[in-house]
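Position 1 is the first residue of the sequence, and the numbers go up from there.
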Amino acid sequence: MRAQQLAIRLRSAAKTRTLPRLSRGKDELLRTNIDHHASTRLWALIWPSLIYLALLLAWVVLAWPPPMAFSVQGAEMALAVDEPRSNPAATAALKWQKLDQQLLAQWRGPYWLRYRLELISRSDDRPLSLALSLRAASDIYWNGSLLGRNGRVANSAALEQPGRIEYSVALNPPIQRSNLLLIRASSQQPILRFQSAGHWLLIAPTEALAAWRFRPWLLAALTLGALVVALGYLSSVQHNSRRGDGRNALLMLGAASALLLLTEASRAIVGYSYPWHGARMILILSLQAVLAFALPYYLHKRFGVSLRARVVALYALILALAMLLPWSFDARGLSLFFVGFCACLVLLILAPERSLLRARLLLLVALGFLATAVLGAFFLDGPHIITVSVLSVILLLQHGAVERRLAQRLERLAAQKQHLSLQLLRRALQPHWLMNTLTALQELIETDQQQASVLVEQLSELFAQFRQAHSQALIPIGEEVSLCQRYLDVVGGASQIQLCLHVEMLSAGVRLPVGLLHTQIENALTHAGVRACAAVPFRLRVERIHDQCRLHLWSALATSARPGHGTGTAYITESLAMHSNGDYRFHQGVANGQWFTEIEFRCAS
């Protein structure tokens, strides 16, 4: 007895210790599932922002200029005198002053720029090149010797040949410890007057300069490819003409982003003479204004944020003022992006929809806003392209996916509607021929009851075959012909007339929509009459040419031509349209004193 009591206590203690363990295991599993779900949602939220930050960082790294091979000890400028003489040795007597970008932008020239350069100790002997950005025609002198010409310097617009906006030239020896760089230039043909000359100078190894010039635009090419793919994806999706979905604004946003990228890349990749720089900057500013309007406008439409027309008009006025105020192009461009990002943040915060897309966009726009504030003017040297491109690609792909799902849903609904319409037509056809048969049966009962009993049995068998056939969408041609022959036996038996169907089967391996031939034969009996159909037997020809099936049916001609717009014709048309995806041909009319029907459709054998 004591042993049994001890065993019971031990088992009770074991259960007491086991239940908390099981409970703790379930809690741990629940916490693990919750943590996994939270981490999955977090990753789905932040991965677009991580891609954006990675692209932004990659641009900064790729666009970082190579180290200067010389230290600049002095940069000066002076107006030229005694032109057209351009002897560098005579420049010592000029009135030199410290280089001022704003004042230099007002000079037409000719003028001189002077740099005193000290060679920095180098560990390699790679050849050096000089890269110059100056909105002017220029002659470059290195230690008194002509190094290169960019256009033709002159004291009038008629004589000047404009130079390229960016110019590179190899730096030939001798290279001394202390060097003097002189640049004689003229800017006689500017389209616009700028607040700053935008002049810079860089001397570095030739290979490093070439890589620095083109490397960032490889990343831009990748971004452009993504934009083109996203635009193509959205354009390929069937649009359902829903008003107010912002699709046109989104397409405008994507097209403006791609055009802005190409315009920005034109300076480094293609190059141009300096008079075109003003037109390029106006185009860039206009595209930035389009982006600053299109992005908030699409978000307003996409998320259903209610805005009065006066608010939209006021926002457009603010953008117009930002473009027209007498600021530098950089200041106006930054203000447009700043205002646009502020508007996007407000719209996303006010959006009633609390979706993953809204959270992603809110995070991306906030990062773009911070990039604008932190990077300043450097934001307009490339990061702005990355920002608008990432936003455009995400919105284009997301909108395209939504429209594709909507189009697929509408296709399914259209198919269901067509299927239901077909079923209604079937139900409308069945009473049609059944009433004709029952009328004949009623007359036969009064005259020949034994024949009427045989007819009832045939009619019962016909019903069973007819019900089985209509339970499937497509049936073999042989079963359809058998159904038609049994139907003719029933109708002929009711009228005590023999009805015949002659079949020329050139191809037996054909499947067709159920009731296709039966409907034609029933129409002939209805419109031409039983006796006319007995005098002119039905003739059917079935042939197959490659993947096309062709049916020819001849029958008796009615006293009045059949219009071909009744329930039977509608049933045939709907059946062919549904089962051949519109790839069919249906023709009927009078030919050689008979009613002729030709049906051609893609075989479903």
Side-chain angles (χ1 to χ4, degrees), residues 227 230-231 234-235 237-260 282-327 329 331-369 372-373 380 384 387-403 405-407 410:
L227 269 173
L231 280 169
L234 179 58
S235 302
V237 177
Q238 181 181 1
H239 185 45
N240 298 291
S241 301
R242 293 181 300 135
R243 292 186 178 181
D245 62 352
R247 187 177 195 265
N248 292 333
L250 184 56
L251 289 174
M252 183 189 301
L253 176 67
S257 300
L259 187 56
L260 177 63
I282 291 176
L283 178 58
I284 289 176
L285 189 64
S286 302
L287 292 173
Q288 290 169 346
V290 170
L291 293 172
F293 182 82
L295 181 57
Y297 186 78
Y298 172 74
L299 296 179
H300 149 61
K301 292 293 186 179
R302 168 62 181 79
F303 292 101
V305 181
S306 59
L307 293 176
R308 295 185 177 181
R310 287 179 293 180
V311 176
V312 178
L314 178 61
Y315 180 70
L317 179 62
I318 293 174
L319 295 181
L321 289 176
M323 288 184 63
L324 298 177
L325 287 176
W327 300 339
F329 278 98
R332 283 182 278 180
L334 279 175
S335 64
L336 287 173
F337 277 106
F338 185 81
V339 172
F341 286 143
C342 286
C344 291
L345 286 173
V346 171
L347 289 170
L348 289 171
I349 292 173
L350 296 178
E353 177 183 327
R354 294 297 184 264
S355 62
L356 179 61
L357 175 64
R358 171 187 170 273
R360 285 175 175 174
L361 293 176
L362 193 59
L363 185 56
L364 276 172
V365 172
L367 290 175
F369 181 82
T372 307
L380 299 178
H384 68 300
T387 304
V388 298
S389 297
V390 169
L391 286 169
S392 299
V393 168
I394 290 177
L395 292 175
L396 286 166
L397 293 178
Q398 187 274 338
H399 195 96
V402 170
E403 286 204 349
R405 288 195 296 269
L406 179 61
L410 291 177

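- A heavy-atom distance below 4.5 Å is not found between the side chains of R332 and L336.
- Residues Q398 and L357 come closest through the heavy atom pair CD-CD2, 3.3 Å.
- The two residues V290 and A256 come nearest to each other via the heavy atoms CG1-CB, 3.9 Å.
- Pairs of residues two or more places apart, or lying in two chains, never qualify as salt bridge (charged side-chain N to carboxylate O under 4.0 Å, His left out) while including a residue from residues 335-352.
- For the pair T387/L367, no side-chain contact is recorded, criterion being any heavy-atom separation below 4.5 Å from C-beta on.
- Minimum interatomic distance between L227 and G254 (heavy atoms only, all atoms of both residues): CD2-O, 4.3 Å.
- The nearest pair of heavy atoms linking P296 to L347 is O-CD1, 3.1 Å.
- Pairing each heavy atom of L251 with each of S235, the nearest pair is CD2-OG, 4.2 Å.
- Here side-chain hydrogen bond (donor to acceptor under 3.5 Å, both in side chains) pairs that include residues 306-326, with residues two or more places apart or in two chains, number zero.
- If you take CG on L395 and CG on L361, they are separated by 5.0 Å, rounding to the nearest 0.5 Å.
- Of all heavy-atom pairs spanning L253 and S392, the tightest one is CG-OG, 3.5 Å.
- For an aromatic pair to be called close, the ring centres must be under 6.0 Å apart, and F337 with F369 fails this.
- Contact check for H384 versus L260: side-chain heavy atoms found under the 4.5 Å cut-off.
- Contact check for Y298 versus H399: side-chain heavy atoms found under the 4.5 Å cut-off.
- Counting heavy atoms from C-beta on, the side chains of K301 and R247 never come closer than 4.5 Å.
- Counting heavy atoms from C-beta outward, L348 and V305 have side chains that stay 4.5 Å or more apart.
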